[in-house]
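Structure first, then comments.
Each chain gets a letter, A, B and so on, in the order the sequences are listed, and its residues count up from 1.
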Amino acid sequence: MPVGNALGTMSEYDFTAIEARWQAAWRENNTFATRGPGEEGFDASKPKYYVLDMFPYPSGAGLHVGHPKGYTATDITARYKRHRGFNVLHPMGWDAFGLPAEQYAIQTGTHPAVTTKANVDNFRSQLQALGFSYDWDREVNTTDPSYYKWTQWIFKQLYQKGLAYQSEVPVWWCEELGTVLANEEVIDGRSERGSHPCVKKPLRQWMFKITEYADRLLADLEDLDWPDSVKAMQREWIGRSEGAELAFQPATAEGVEVGEAFTVFTTRPDTLYGATFCVLSPEHPLVDVITTPEQMEAVSEYREQATRKSELERAELQKDKTGVFTGAYALNPIFPEGDPRRLIPIWTADYVLMSYGTGAIMCVPDGDERDHEFAEKYSLEIRQILDGDKMVNSDFLDGMTKEESIPAMIAWLEEKGLGTGKVNFRLRDWLFSRQRYWGEPFPILHEIDAAGERTGEVKLAADEDLPVSLPELEDFTPAAGGEPPLARATDWVTVVDKGGKTWKREVNSMPQWAGSCWYYLRFLDPHNQGAAWDREKEDYWMPVDLYVGGAEHAVLHLLYARFWHKVLFDCGLVTHSEPFQKLVNQGMVQSYAFKNAAGLLVPVDAVTENEDGSFFAQETGEAVERMTAKMSKSLRNVINPDDVITQYGADTMRLYEAFMGPVTASAPWNPRDLPGVFRFLQRTWRVYQTGLGEQCNDDVERALHQAIKKVGHDLEQMGYNTAIAALMEFINAATKAKVPLTAEQAANFCILLEPFAPHLAEELWSLTNQSGELAYAAWPEFDASKLVADTIEVPVQINGKLRARAVVAPDVSKDDLEAAAREVIAEHLQGEVRKVIVVPGRMVNFVVG
RNA sequence: GGGGGGGUAGCCCAAUGGCAGAGGCAAAGGACUUAAAAUCCUUCCAGUGCGGGUUCGAGUCCCGUCCCCCCUACCA
């Protein structure tokens with residue numbers, strides 16, 4: 001085979017050389033450097049498009065084939081938008097604080113910064129090998145002091161707004177990780193990372209008042225172009241419910257008042273006439289006060305059991321409700337003194353959670369399924385108050401539906417001063433401190449007294465003292481008792497201010513979410529030394545037009561970032577109240593796995609396929625069933641992107657990722673499908689190898705214009721897989737025509753191909769001596785007159801069933817089409833034609849009989 | 001239990017209410033080749049989970065039902 005690039009000479013599609021050449025050229029020419037307001041070369045007349053990936057944590061394992069699925073989608077869109085004349089901001093960075101680097105440091109003594117740098121370098125080169133058009137001049141790294149300086153500065157803004165506070169609260173403590181965790185990071189009593197057991201423990205921690213923003217975080221979801229599932233998850237997490245709070249007074253069995261009144265939250269205050277008992281959470285402080293001596297032993301034992309039970313165990317045991325009578329009673333405020341219904345028993349039970357509402361509930365067995373179950377089990381009174389959807393035995397509410405009775409009851413309670421209408425949220429304040437080394441230090445100083453003890457007074461570090469840099473440490477292990485590793489850096493911890501006064505630094509660090517709460521703003525102005533970002537740039541680029549990432553961040557990163565952004569908005573630092581206008585969750589890239597009859601998973605490399613397409617395990621010979629699963633080391637089904645690039649090239653890899661199906665769909669990586677897209681690129685290469693022609697072939701020209709239309713249309717709605725199908729159609733047509741493309745056709749197809757397979761497109765652009773920079777060449781316009789053939793076949797139906805086809809001109813009139821249809825259908829037409837439906841260019845339908 | 005998303009050829013996946021098929025994989029046959037690979041050409045394949053309804057016409061809209069995936073769950 002002759003090797004060479006001269007046109008007219010058949011040469012191989014040498015993707016390795018082509019990709020290396022163009023990646024180098026893009027770097028040298030700064031092809032994808034983006035200019036914003038105030039930057040040289042900025043063109044203010046162009047519209048902007050900000051397309052963002054959720055930046056990765058640079059793990060030691062390197063890039064996973066799942067990462068490029070989203071990155072390929074955004075890159076195709078970024079490249080497409082450049083052709084459409086947009087100023088495109090398409091940056092990449094590293095969310096590099098986090099536990100793995102710290103744990104590796106504890107095991108090996110390697111400083112997390114060293115590990116992080118190595119991992120970042122690896123990730124960057126892997127991403128560059130895929131030819132993504134990021135503006136690498138804007139790369140940010142959350143662990144860089146010049147970055148976290150501004151993370152600390154934003155913390156100060158939140159603090160100054162009164163949104164950050166310290167509190168001794170029961171928080172999730174994870175012994176294994178040696179740190180506290182946020183509610184969002186604990187699932188069923190286990191840490192989200194690593195699945196280690198966690199317990200509730202009272203500790204003094206930094207909190208953010210995210211609950212003050214609950215209403216806005218909920219309401220503003222409305223206008224966002226986000227997946228319904230993510231909006232639903234955020235709504236549920238915020239958990240707004242309307243109802244009332246009302247107070248119950250504890251009393252003895254004789255009705256003598258004891259202790260303080262307790263408040264309950266209920267969404268159905270109107271069912272108060274059916275309230276026959278109350279339940280306090282075992283953690284409720286009042287339980288100690290009101291429990292009678294006779295019941296004390298049983299209650300203490302129950303409470304102890306409840307604390308020992310993990311949240312997980314409580315959830316597992318949910319079917320079987322348990323509880324203990326406290327011996328005390330509560331006065332149902334709706335009944336007058338002397339009414340026997342007024343005195344109701346108070347129980348304690350762990351199905352009532354201290355963390356929701358007030359930790360105390362009124363129970364209406366006739367209205368609530370759980371209360372009913374509990375009442376049945378412990379033989380408590382069940383008083384009817386509902387007949388169908390109408391209230392009964394409820395005095396002034398009788399005959400009302402709940403829509404009428406709830407407001408009526410709230411009005412009544414408020415009038416009598418017994419309760420108030422109340423909106424309750426499930427959202428808790430955000431626990432913002434961690435006992436780790438590898439995180440942002442707080443810009444906080446604690447006042448200490450002569451004995452070196454904290455007085456409780458704190459002050460912020462001055463702006464000119466930022467960043468508060470991480471001190472060097474030898475040992476990164478958390479100290480016993482939850483003391484953070486930073487406490488060991490004694491020189492760093494002690495600060496003497498200008499007045500000679502001694503302070504101690506905060507030794508907790510920020511959680512990993514901090515850096516990712518605002519990185520999309522730093523990309524706008526990454527080298528700014530004097531400010532986190534420039535207002536003019538922020539005004540131009542924000543909000544993010546397209547944000548692509550995994551669904552796992554639905555309530556963590558995406559809720560936190562929205563919260564920070566709203567605070568920044570209230571501070572007048574940003575111009576929009578929401579950061580991410582359109583959000584897309586890319587589907588997961590899964591892998592095949594195999595399961596035997598016993599349901600055990602069998603590693604991929606231990607399975608062989610039979611001729612008939614079934615599978616068997618090599619060792620045992622037993623039949624196994626193919627299924628899709630997450631890639632995992634144990635199943636040995638992890639695909640390494642580097643191997644794919646070596647074998648097929650980056651363009652094939654990109655094309656395959658985009659061609660797997662809709663970007664939002666999960667699909668297994670199927671090595672068998674790779675050659676299909678690879679062949680398409682080879683065919684494309686070959687079409688261009690025959691040189692350019694003068695003569696314009698009609699079929700090729702039509703296919704090209706159809707492709708221009710379809711690819712543009714599909715890309716507007718992120719239909720990457722169907723856009724690629726359109727490209728394939730064109731190449732199939734061009735191959736079939738066996739005539740060289742004209743220079744114009746060759747150029748136009750290069751532009752269509754560039755977003756998907758940029759290296760090959762650049763090579764072909766250069767081989768055909770096109771002028772100008774391909775990445776910024778204007779997207780071609782399609783000519784509607786060239787879209788259709790000289791004649792088209794129109795289906796002719798009788799009663800909706802296909803009976804014949806009429807060959808007509810594409811622009812035939814309605815009457816002429818009907819005439820042509822009558823001609824071809826004549827022999828099939830029997831009986832009276834009652835109606836004729838004619839859709840010009842589409843079909844004709846005769847309704848008979 | 002609640003919420004979100006899906007069921008179309010052997011497989012992945014397309015189809016503004018208008019011929020069920022764009023594209024790819026796999027399969028079969030052929031061309032080229034000493035042979036194989038690669039490449040090229042040709043061919044094969046379902047009536048859209050199931051049952052109703054609306055319509056001239058339903059994969060698409062409506063009602064019911066079954067199955068699968070994801071998220072969430074004693075939230076008062």
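In summary, the side chains of A/Y351 and A/D371 do present a donor paired with an acceptor at a separation below 3.5 Å, with no hydrogens or angles considered. Side-chain contact, A/Y356 with A/S241: a donor N or O sits under 3.5 Å from an acceptor N or O.
Contact annotation: A/R370 reaches the phosphate of B/rC75 (side-chain N/O to OP1 or OP2, under 4.0 Å). A close approach under 4.0 Å does occur between a side-chain nitrogen or oxygen of A/R683 and OP1 or OP2 of B/rC40. Regarding contacts with the backbone of B/rA76, every side-chain N or O of A/R426 stays at 4.0 angstrom or more from both OP1 and OP2. Between A/N721 and B/rA14, a side-chain N or O to OP1/OP2 separation shorter than 4.0 Å is present. Contact check, A/Q682 against B/rU39: a side-chain N or O comes under 4.0 Å of OP1 or OP2. Taking only side-chain nitrogens and oxygens, A/R803 never comes nearer than 4.0 Å to OP1 or OP2 of B/rC56.
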For this session: Might you work through the side-chain contact (heavy atoms from CB on, under 4.5 Å) test for A/F749 and A/T684, ending with a clear yes or no?
Result: CA-CA 10 Å; A/F749 185 74; A/T684 305; 3.8 Å; yes

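At a threshold of 4.0 Å, the pair A/E818-A/K814 does not count as salt-bridged, since none of the basic side-chain nitrogens sits closer than that to a carboxylate oxygen. At a threshold of 4.0 Å, the pair A/E832-A/R834 does not count as salt-bridged, since none of the basic side-chain nitrogens sits closer than that to a carboxylate oxygen.
Of the listed nucleotides (B/rU72, B/rC75, B/rC13), B/rC75 has the atom at the smallest distance from the side chain of A/Y356. Closest approach to the A/M843 side chain among B/rA14, B/rA38, B/rG18 is made by B/rG18 (side chain taken as heavy atoms from C-beta onward). The nucleotide whose nearest atom lies closest to any side-chain atom of A/I361 is, among B/rC40, B/rA76, B/rG18, B/rA76. When the nucleotides B/rC56, B/rG24, B/rA76 are ranked by their closest atom to the side chain of A/V847, B/rC56 comes out on top. Of all nucleotides listed (B/rC74, B/rG4, B/rC40), B/rG4 comes nearest to the side chain of A/D228. For A/F659, the listed nucleotide lying nearest its side chain is B/rG23; candidates were B/rC56, B/rA76, B/rG23. The side chain of A/S229 has B/rG4 as its nearest neighbour among B/rG4, B/rU72, B/rG18. Checked against B/rA14, B/rG18, B/rC40, the side chain of A/R686 finds its nearest nucleotide in B/rC40. Comparing B/rC25, B/rC41, B/rG18 by their closest approach to the side chain of A/I837 singles out B/rG18. When distances run from any side-chain atom of A/R679 to the nucleotides B/rC41, B/rG5, B/rC25, the shortest one goes to B/rC25.
Taking atom CE of residue A/M233 and atom P of nucleotide B/rG5, one finds them 11 Å apart after rounding to whole Å. The distance from atom NZ of A/K377 to atom P of B/rC74 is 17 Å, rounded to the nearest whole Å.
Across all strands shown, A/A667 has no heavy atoms under 4.0 Å from either base or sugar-phosphate atoms. Counting non-hydrogen atoms under 4.0 angstrom, A/N732 reaches the backbone sugars and phosphates but no base. A/M660 comes within contact range of the sugar-phosphate backbone alone, with a heavy-atom separation under 4.0 Å but no base atom that close.
Side chain A/N845 to base B/rC56: a donor-acceptor pair is found below 3.5 Å.
Going from the C1' atom of B/rU8 to that of B/rG59 covers 7 Å, rounded to whole Å. The C1' atoms of B/rG21 and B/rA31 are separated by 28 Å, rounded to the nearest whole Å.
Taking the centre of each ring, A/F277 and A/Y378 stay at or above the 6.0 Å mark.
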